[in-house]
Peer 1: 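Let me begin by handing over the structure; questions about it come next.
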Amino acid sequence: MPQNKRESLIYTVIMCAFMVLWMSIYNVSLQYGAFSLEAVIAGWIGFPIAYVFAMCCDWFVVSKLAKGIAFRYLVKPEDCALKKILCISGGMVVGMVIIMSLYGACEGAFHTGAWASVPSNWLRNIPRNFIMALPVQFLIAGPLVRRLFRAAFPVGKVLA
């Protein structure tokens with residue numbers, strides 16, 4: 001886990017990039033009806049704007065809420081690292097899925113002009129995204145990004 005604000009920013013940049021790209025491809029695949037090279041290309045094309053939006057939401061809103069709720073109600077500073085990781089990551093997934101599902105519904109309406117369908121698409125997207133994002137975060141992205149992060153930035157190398 002990151003030890004200071006700079007490490008937290010670097011870690012967030014990497015994690016957010018991984019999750020936004022993965023979820024973009026997933027959502028485009030749902031729209032197209034199947035995973036394909038076209039879905040990967042479309043997900044990649046939509047990635048930059050989605051990434052900037054997600055990074056801002058993550059850094060300025062969701063991270064603070066998830067950590068605040070986790071440390072107020074779920075974990076104590078002396079709890080084991082795994083419990084902290086699971087509680088904070090789970091909270092991050094919930095917050096980001098809610099926000100990014102709305103982003104996806106609005107992006108779809110922008111392309112189709114069907115703005116009246118945004119609320120129903122948003123509510124439909126939340127469970128679809130949650131069932132993908134939570135396992136990916138816990139089983140793939142979290143362990144992979146933590147390992148890559150610590151390999152690139154050993155403890156004590158990034159100063160506060």
Side-chain angles (χ1 to χ4, degrees), residues 1-2 5 7-75 82-149:
M1 291 188 55
K5 202 75 157 165
E7 282 190 358
S8 186
L9 178 60
I10 295 166
Y11 178 83
T12 301
V13 165
I14 298 167
M15 179 63 75
C16 194
F18 184 97
M19 289 299 293
V20 169
L21 183 58
W22 182 279
M23 294 304 293
S24 294
I25 293 168
Y26 168 71
N27 278 289
V28 172
S29 296
L30 287 176
Q31 286 177 334
Y32 287 11
F35 178 76
S36 65
L37 182 58
E38 285 180 337
V40 173
I41 292 168
W44 180 253
I45 289 170
F47 170 76
I49 294 170
Y51 175 71
V52 170
F53 180 79
M55 188 64 201
C56 290
C57 291
D58 185 328
W59 188 253
F60 295 112
V61 180
V62 177
S63 178
K64 290 173 182 16
L65 284 171
K67 289 175 185 174
I69 290 168
F71 282 107
R72 183 168 183 166
Y73 299 108
L74 304 172
V75 296
L82 181 61
K83 184 175 180 183
K84 290 184 222 176
I85 288 168
L86 293 176
C87 289
I88 293 169
S89 294
M92 294 291 297
V93 167
V94 170
M96 291 303 290
V97 161
I98 291 168
I99 291 171
M100 294 307 291
S101 292
L102 177 59
Y103 172 88
C106 291
E107 184 181 31
F110 177 78
H111 292 296
T112 63
W115 290 99
S117 67
V118 168
S120 62
N121 287 342
W122 179 32
L123 293 175
R124 187 186 71 228
N125 288 345
I126 290 172
R128 284 178 163 181
N129 287 326
F130 189 76
I131 62 169
M132 174 58 76
L134 193 66
V136 167
Q137 173 61 34
F138 284 159
L139 302 175
I140 300 168
L144 179 66
V145 171
R146 278 191 297 280
R147 181 169 288 142
L148 289 172
F149 176 77

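Values below: every heavy atom of this structure, side chains too, minus hydrogens, waters and symmetry copies.
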Peer 1: Can you establish whether the number of heavy atoms outside Ile49 located under 6.0 Å from its atom CD1 is more than 12?
Peer 2: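 No, the 6.0 Å shell around CD1 holds no more than 12 heavy atoms from other groups.
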Peer 1: Compile the donor-acceptor pairs under 3.5 Å between side chains in residues 33-40 and protein atoms, sequence neighbours left out, one pair per line.
Peer 2:
unit_1	atom_1	unit_2	atom_2	d
Ser36	OG	Glu38	N	3.4
Ser36	OG	Ala39	N	3.2

Peer 1: Return the set of residues passing salt bridge (Lys or Arg N to Asp or Glu O under 4.0 Å) with Lys64 (not counting sequence neighbours), or none when no residue passes.
Peer 2: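 For Lys64, no residue satisfies salt bridge (Lys or Arg N to Asp or Glu O under 4.0 Å) once neighbours in sequence are set aside.
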Peer 1: Give, for atom CE of Met15 and atom OG of Ser89, the distance between the pair rounded to the nearest 0.5 Å.
Peer 2: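 Rounded to the nearest 0.5 Å, the CE-OG separation comes out at 6.5 Å.
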Peer 1: Between atom CG of Leu102 and atom CG of Leu123, what is the distance when rounded to the nearest 0.5 Å?
Peer 2: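 Spacing of CG (Leu102) from CG (Leu123) equals 9.5 Å.
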Peer 1: Roughly how far, to the nearest 0.5 Å, is OG of Ser63 from CE of Met96?
Peer 2: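 Spacing of CE (Met96) from OG (Ser63) equals 10.0 Å.
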Peer 1: Among all residues two or more places apart in sequence or in another chain, which pass the side-chain contact (heavy atoms from CB on, under 4.5 Å) test with Cys87?
Peer 2: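 Result, side-chain contact (heavy atoms from CB on, under 4.5 Å) vs Cys87: Ala70, Leu74, Val75, Lys83.
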Peer 1: Among Phe47, Tyr103, Phe53, whose side chain to side chain contact (heavy atoms under 4.5 Å, CB included) with Val20 holds?
Peer 2: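 The single option meeting the side chain to side chain contact (heavy atoms under 4.5 Å, CB included) with Val20 is Phe47.
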Peer 1: What residues, two or more places apart in sequence or in another chain, satisfy side chain to side chain donor-acceptor pair (under 3.5 Å) together with Ser117?
Peer 2: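 Expected list: Asn121.
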Peer 1: With side-chain contact (heavy atoms from CB on, under 4.5 Å) as the criterion, how do Leu82 and Leu86 come out once you've worked through the C-alpha distance, each side chain's angles and the decisive distance to 0.1 Å?
Peer 2: CA-CA 6 Å; Leu82 181 61; Leu86 293 176; 4.0 Å; yes
Peer 1: Suppose we screen for side-chain contact (heavy atoms from CB on, under 4.5 Å). Which residues come up paired with Ala42, at least two apart in sequence or across chains?
Peer 2: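 With sequence neighbours excluded, Ala42 shows a side-chain contact (heavy atoms from CB on, under 4.5 Å) to Val28, Tyr32, given in chain and number order.
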Peer 1: Could you tell me which residues satisfy salt bridge (Lys or Arg N to Asp or Glu O under 4.0 Å) with Glu7, sequence neighbours excluded, listed by chain and number?
Peer 2: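 By the salt bridge (Lys or Arg N to Asp or Glu O under 4.0 Å) rule, Glu7 matches Arg150.
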Peer 1: Could you give me the CA-CA distance, side-chain angles and deciding distance for Arg146 and Ile85, then say whether side-chain contact (heavy atoms from CB on, under 4.5 Å) is met?
Peer 2: CA-CA 10 Å; Arg146 278 191 297 280; Ile85 288 168; 3.5 Å; yes
Peer 1: Does Trp115 have any ring-ring contact (aromatic ring centres under 6.0 Å, His included) partners at least two apart in sequence or in another chain, and if so, which?
Peer 2: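 Trp115 satisfies ring-ring contact (aromatic ring centres under 6.0 Å, His included) with no residue once adjacent residues are dropped.
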Peer 1: Can you name the residues that form a ring-ring contact (aromatic ring centres under 6.0 Å, His included) with Phe18, not counting sequence neighbours?
Peer 2: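 Phe18 satisfies ring-ring contact (aromatic ring centres under 6.0 Å, His included) with no residue once adjacent residues are dropped.
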Peer 1: Within the side chain of Trp44, is there an N or O that forms a donor-acceptor pair under 3.5 Å with the backbone of Ser24?
Peer 2: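 Absent.
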Peer 1: Who pairs with Val13 by side-chain contact (heavy atoms from CB on, under 4.5 Å), at least two apart in sequence or on another chain?
Peer 2: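 If we apply the side-chain contact (heavy atoms from CB on, under 4.5 Å) test to Val13, skipping adjacent residues, the hits are Leu9, Tyr51, Met55.
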Peer 1: Run the side-chain contact (heavy atoms from CB on, under 4.5 Å) test against Ser8 and tell me which residues pass, sequence neighbours left out.
Peer 2: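 By the side-chain contact (heavy atoms from CB on, under 4.5 Å) rule, Ser8 matches Pro2, Thr12, Trp59, Lys67.
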Peer 1: Pairs under 3.5 angstrom only: tabulate donor-acceptor contacts from the side chains of residues 126-143 to other protein residues two or more places apart or in another chain.
Peer 2:
unit_1	atom_1	unit_2	atom_2	d
Asn129	OD1	Asn27	ND2	2.9
Asn129	ND2	Ser101	OG	2.8
Asn129	ND2	Asn125	O	3.2

Peer 1: Once ring-ring contact (aromatic ring centres under 6.0 Å, His included) is applied, do any residues pair with Tyr26, and if so which ones, sequence neighbours excluded?
Peer 2: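 With neighbours one apart ignored, the set is empty.
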